[in-house]
Amino acid sequence: MPRVFADGCVTVHIFNMAEITKSYEPKDVEDKWYAAWQEAKCFAGRAAPGQETYTIVIPPPNVTGILHMGHVLNNTLQDVLIRRARLEGKAACWIPGTDHAGIATQTMVEKHLKKTEGKGRRDLGRDEFLKRVWTWRDEKGDHILRQLRQLGCSCDWDRTAFTMDADYSRAVLTSFVKLFNSTDAQGRSHIYRGKRMVNWCPASLTALSDEEVEMRPTKGFIYKLRYELVEPSTTKGAEGNVMPLTHLTVETTRPETIPADVALAVHPDDERYKHLIGKTVWRPLGERVQLPIVGDTAVDPVFAAGVLKVTPAHDKVDFEIGQRHKLPVIDLLNADATLNDLAGPALAGMERFAARKKSAELLRESGALIEEKPYENNVGYSQRAGVPIEPRLTQQWWLRYPRIEEAKQVVRDGLIQMHPERWSKVYLNWLENIQDWCISRQLWWGHRIPVWYAKGIDREKLTEADLRDPKKIHVSLDGPADPENWEQEDDVLDTWASSWLWPFGTLGWPDAEAQKAANFDAFYPTTTLATGADIIFFWVARMIMAGLEFANPGAPVEQRIPFKHVYFNGIVRDKQGRKMSKTLGNSPDPLDLINAYGADGLRFGLLQIAPLGQDVKFDESRVEAGKHFCNKLWNACRFRQMSGEMADNSSLAAILGRVDPAHLDDDDHALLGALLDTMATLEKSFAGFEFAGATQRLYSFFWNDFCDWYVEVAKARLQEPAAKAHVLAVQDLVIREFLLMFEPFAPFITEELWHLLGYGAEKSFVQETRIETAAGLVALFAKRGVTVDAAATGRVEQLKQFSTLARELKADQSVAQKRDVKFFALAGQPEWHALEKNLSKLARLVGAAEISRTTEKLSLPATVTSLGTLYLDTGVQVDPAAERARLTKEIHALNKHIVGTEARLSNEAFTSKAPPAVLEGARKQLADQQAKRAELERLLAAVQ
RNA sequence: GGACCCUUAGCUCAGUUGGUUAGAGCGUUUCCUUGACAUGGAAGAGGUCACUGGUUCGAGUCCAGUAGGGUCCA
């Protein structure tokens with residue numbers, strides 16, 4: 001379909017060798033090529049026998065999520081890796097998918113339900129509610145996967161997985177059953193059920209794992225309270241004097257829990273109180289009862305007055321103290337953190353924070369409150385719901401992690417490498433202090449735990465032994481044969497207890513047939529996991545343990561690990577350094593950026609600010625620069641097309657066949673040298689996951705080495721009939737190799753240009769081409785009789801400096817734009833020889849009518865180059881004073897460097913200890929600087 | 001309290017085994033629409049590399065400490 005641009009330019013997209021337009025318009029190109037790639041199924045992970053594979057599993061985004069900048073960075077990185085692997089000839093497989101995200105999704109649907117129908121989930125019942133969630137997922141889900149296509153992600157979409165898929169669910173339940181039936185090193189079942197203190201989220205009404213709790217400093221109050229002794233006593237003061245004692249002073253931030261106090265605790269060695277152990281105090285709030293004073297080493301005698309109120313139901317430490325002293329448990333909180341009747345009539349029914357205020361008032365009235373002062377302490381918040389969690393004693397399912405030691409060892413041994421390496425320390429530290437994992441959630445959306453209780457059994461009172469009694473508990477994938485006698489567990493599994501199977505669950509595990517169909521043997525272990533360090537515990541560590549436990553059982557450890565490399569990308573932050581988040585509204589919509597700058601521009605721009613594992617502040621100007629770079633590439637190719645007839649570009653051999661070794665000049669050699677260097681740099685960058693370095697080199701190679709210099713100097717050579725075909729061949733070669741290197745970073749524009757310049761046949765794609773290694777290209781050059789002359793780079797560098805100095809001189813003389821000026825070079829024979837060969841292109845570059853040799857010293861403005869003194873004849877009278885000032889300034893600047901170099905060289909320690917190359921470099925530098933200064937001084941003296 | 005990271009130009013960032021005069025993009029100053037590209041070209045200004053000390057012939061780079069910022073774990 002013809003497209004008319006604003007400037008009236010009309011373009012028609014035909015498949016091959018169309019005329020290149022004036023500027024790059026990403027939209028059409030992106031849509032067209034993505035559709036073509038998909039149609040050709042060229043992202044399919046297919047491995048020939050023996051072919052090296054490269055596998056990535058996507059960190060599955062929430063099924064109802066939308067693309068944000070973090071996804072863009074993370075997925076661009078994965079796409080860069082997978083596309084590069086394809087170009088290297090590996091069987092690349094990138095498995096996409098989504099996570100059912102239990103709490104997040106259920107909360108979202110519940111909110112929607114409330115808003116549209118005014119109902120809660122319990123009004124609908126479990127089955128009906130789940131139907132609604134699935135409908136929601138079908139309507140709103142996978143949006144993010146479509147967005148990833150717009151970014152250019154080359155996932156194998158036929159493998160798209162979802163953690164709630166039937167197959168995947170079966171994998172999740174299988175893992176549960178296997179862990180339930182297996183034991184750890186101490187012979188204990190990996191999975192058990194127990195009434196323990198958990199992190200309870202009063203908003204989501206479920207237990208959370210420790211990892212889902214976030215400690216936040218929170219401003220509140222601390223209340224200093226009197227607990228009256230039933231029998232007054234004495235205590236020892238600071239000087240050992242005996243003083244009367246009528247009450248104990250307790251400080252607490254949670255006075256509303258006093259009705260649940262069952263004791264006071266003091267340190268057993270505390271001289272002030274140890275004689276009181278066994279005595280009693282009056283509870284100051286709630287039912288007026290006597291509380292025992294117990295001695296426990298968990299009490300910090302230095303904190304506050306050294307007396308702790310013991311509230312076993314509402315604090316983890318208190319619970320443990322309660323257990324040690326066989327104290328009762330009074331739970332006065334409901335699931336939603338309102339107070340129940342045990343709190344007493346004054347507080348019952350109140351919300352916890354209101355109850356806190358109320359109880360402080362009551363205590364003040366009764367005289368028990370001594371003081372109330374502002375206080376900041378760390379409070380655990382539900383990461384998802386953002387409310388303070390409550391420690392709560394409930395029955396939950398727990399996992400004793402399998403393979404903890406092995407999981408440490410594979411990282412220590414380098415079988416799994418983390419990039420940057422420092423994260424392995426964080427990982428190991430977590431494993432050293434690992435706690436059992438609370439895997440049950442009181443939700444409906446998720447994998448329902450495959451446990452059935454015999455009807456009529458009291459679930460609250462089941463013992464460890466009962467759990468192993470098949471008459472009381474049934475655990476299996478498909479449930480009991482006589483379902484009428486059983487009731488299934490209501491809880492579902494933590495979302496992470498499904499996604500920890502992701503690297504093999506997406507490859508067919510545990511079904512042998514499915515594994516074969518997915519080519520599990522070729523693609524597992526996966527190669528690289530790219531993710532954020534914020535989920536190193538949630539996901540990375542757990543996947544490693546799961547892989548070791550379940551994948552390729554019995555095989556050597558290197559076949560069981562889930563991945564070989566973990567690349568931690570940084571977190572994308574806003575200009576103020578804040579995390580980008582929906583609530584802050586500080587994240588630009590990536591699709592807006594794609595519309596404004598093109599997907600390639602966004603990808604390239606973001607990678608330029610994404611150093612290894614460091615957080616990045618998002619800077620839109622980088623994305624704009626990415627777009628500009630694409631446009632530069634586009635126009636360089638456009639210029640190539642306009643410079644001469646296109647010849648056979650269909651293969652590297654064909655292009656090399658058009659390169660004429662007899663016509664290779666210094667510029668060709670320098671350019672090919674830079675190309676080889678860029679290729680080598682990329683090879684090194686990919687090996688070390690250093691993307692910023694790779695993008696920088698690509699940028700400078702193409703823009704500076706190729707466009708700014710080679711293309712400009714080649715303009716003169718293109719006028720020579722004998723050299724023209726050769727020069728075009730060199731350009732075709734370099735553009736081809738550049739497109740191959742650039743394709744992983746900018747797949748759309750490279751694909752388009754690849755075809756426009758005839759590198760690829762119709763219905764073929766860049767990624768089907770094998771990229772050469774630098775060494776491989778050197779060998780191909782050699783076959784063609786070409787040896788890249790490394791010394792040419794230095795000679796070209798001299799010419800670059802020469803033109804810069806010539807332009808600078810013109811600018812100084814205010815004739816920067818005049819093109820009819822004359823230059824005279826006062827040069828020795830070798831210098832003139834170097835210049836003579838390049839006069840036409842130099843004249844063109846600097847904008848001169850003529851550059852010629854002079855053997856006489858002239859009275860003209862001049863500059864000193866490494867190829868001789870260069871005089872500029874503008875035809876206009878110069879101002880001697882200004883000339884003297886200019887030369888003096890330059891001499892002054894040069895002097896500073898000479899002084900420094902002289903000082904170094906006159907230091908005997910330096911001359912005796914520095915390596916010869918460094919020493920020689922310094923000597924040569926000094927000689928050059930001194931010669932230049934001498935010449936500048938001569939010029940200065942000559943100005944009259 | 002423990003661990004880790006960061007501090008380089010006005011802004012965002014490179015700078016991987018220590019070695020000429022520390023780089024890029026954006027911004028900024030001057031000049032330029034010359035047939036690839038103004039999404040461009042040319043020339044320029046702009047840095048005590050947070051601070052202090054140490055190791056070394058030589059430190060942005062290595063070591064120790066200080067200050068500020070950030071993250072994780074308790």
Side-chain angles (χ1 to χ4, degrees), chain A residues 20-24 210-211 214-215 378 420 422-423 425-427 429-430 432-433 533-534 536-537 570-571 573 575 577-579 597-598 601 605 608-643 684-685 688 690 692-693 695-697 699-700 703-704 707-708 711-712 715 803-812 814-819 844-847 893-894 896-898 900-901 903-905 907-915 917-926 928-929:
Chain A
I20 298 176
T21 54
K22 192 171 154 72
S23 65
Y24 176 54
D210 294 343
E211 286 70 30
E214 191 178 286
M215 301 306 285
N378 269 333
R422 60 187 156 87
W423 288 111
K425 214 172 151 180
V426 177
Y427 166 87
N429 185 262
W430 184 73
E432 291 297 337
N433 301 295
D534 51 337
I536 188 169
F537 310 137
I571 293 166
R573 298 175 177 281
K575 285 227 158 174
R578 301 174 303 181
K579 262 191 191 180
Y597 304 108
Q608 279 195 300
I609 48 170
L612 184 68
Q614 212 69 255
D615 286 4
V616 288
K617 277 189 201 151
F618 180 67
D619 180 359
E620 194 165 325
S621 72
R622 289 291 189 142
V623 179
E624 194 176 5
K627 176 194 172 189
H628 293 174
F629 185 60
C630 288
N631 193 58
K632 188 73 179 176
L633 169 63
W634 184 260
N635 273 286
C637 292
R638 179 170 187 244
F639 182 62
R640 160 62 192 92
Q641 206 182 42
M642 292 167 68
S643 297
K684 213 177 131 202
S685 299
E690 290 163 15
T695 54
Q696 267 177 27
R697 188 68 187 106
Y699 189 97
S700 71
W703 203 308
N704 303 129
C707 293
D708 289 348
V711 170
E712 289 306 318
K715 281 175 180 170
S803 28
T804 298
L805 286 165
R807 287 161 171 164
E808 194 181 348
L809 186 58
K810 280 179 75 184
D812 277 334
S814 307
V815 290
Q817 293 316 309
K818 287 184 80 172
R819 302 190 67 81
R844 187 192 177 97
L845 280 173
V846 305
L894 193 55
K896 277 204 306 203
H897 297 303
I898 290 175
T901 316
R904 276 206 304 158
L905 282 167
N907 183 349
E908 196 274 334
F910 174 67
T911 51
S912 63
K913 288 187 180 174
V918 172
L919 194 55
E920 201 195 320
R923 285 193 173 127
K924 181 170 185 315
Q925 185 199 337
L926 182 61
D928 290 348
Q929 286 171 337

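Per chain, numbering begins at 1; letters A, B, ... match sequence-line order.
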If I pick the [atom1] atom on [M] and the same atom on [N], what distance separates them, to the nearest angstrom?
N: rG46(B); M: rA64(B); atom1: C1'; answer: 33 Å
N: rU28(B); M: rC73(B); atom1: P; answer: 43 Å
N: rG60(B); M: rU8(B); atom1: P; answer: 15 Å
N: rC26(B); M: rA22(B); atom1: P; answer: 22 Å
N: rC13(B); M: rG18(B); atom1: C1'; answer: 23 Å
N: rG58(B); M: rG53(B); atom1: P; answer: 16 Å
N: rA50(B); M: rA43(B); atom1: C1'; answer: 33 Å
N: rG44(B); M: rU48(B); atom1: C1'; answer: 23 Å

Please evaluate the base of [N] for a donor-acceptor partner in the side chain of [X] within a cut-off of under 3.5 Å?
X: Asn631(A); N: rU39(B); result: yes
X: Glu712(A); N: rA36(B); result: yes
X: Lys425(A); N: rC4(B); result: no
X: Glu624(A); N: rU39(B); result: no

Original post:
Hey, is the side chain of Trp634(A) poking within less than 4.0 Å of OP1 or OP2 on rG40(B), counting only N and O atoms?
Top reply: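 Checking rG40(B) against Trp634(A), no side-chain N or O comes under 4.0 Å of OP1 or OP2.
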
Original post:
Below 4.0 angstrom from OP1 or OP2 of rU20(B), is there any side-chain N or O of His897(A)?
Top reply: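 No, because none of the side-chain N or O atoms of His897(A) sits under 4.0 Å from OP1 or OP2 of rU20(B).
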
Identify the nucleotide, in any strand shown, that forms a Watson-Crick or G-U wobble pair with [N], with both distances under 3.5 Å; if there is none, say none.
N: rU48(B); result: none
N: rC72(B); result: rG2(B)
N: rU56(B); result: none
N: rG25(B); result: rC11(B)
N: rU61(B); result: none

**OP:** Measure from the side chain of Phe639(A), starting at C-beta and using heavy atoms only, and say which of rA36(B), rU39(B), rC57(B) lies closest.
**Re:**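 The listed nucleotide nearest to Phe639(A)'s side chain is rA36(B).
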
Original post:
Does a donor on one side chain sit under 3.5 Å from an acceptor on the other, for Tyr699(A) and Gln608(A)?
Top reply: no

**OP:** With Lys627(A) as the cation and Tyr24(A) as the aromatic partner, state whether NZ or CZ is under 6.0 Å from the six-membered ring centre and within 45° of the axis.
**Re:**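 Pair Lys627(A)/Tyr24(A) does not count as cation-pi.
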
Using a cut-off of 4.0 Å on non-hydrogen atoms, how would the nucleic acid contact of [X] be classed: base, sugar-phosphate, or nothing?
X: Asp812(A); result: nothing
X: Ser912(A); result: nothing
X: Gln929(A); result: base
X: Glu620(A); result: nothing
X: Ala625(A); result: sugar-phosphate
X: Lys632(A); result: base

Subject >> Exercise: identify the closest heavy-atom pair between Ile20(A) and Gln641(A) >> reply: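 Minimum heavy-atom separation between Ile20(A) and Gln641(A): N-OE1, 2.9 Å.
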
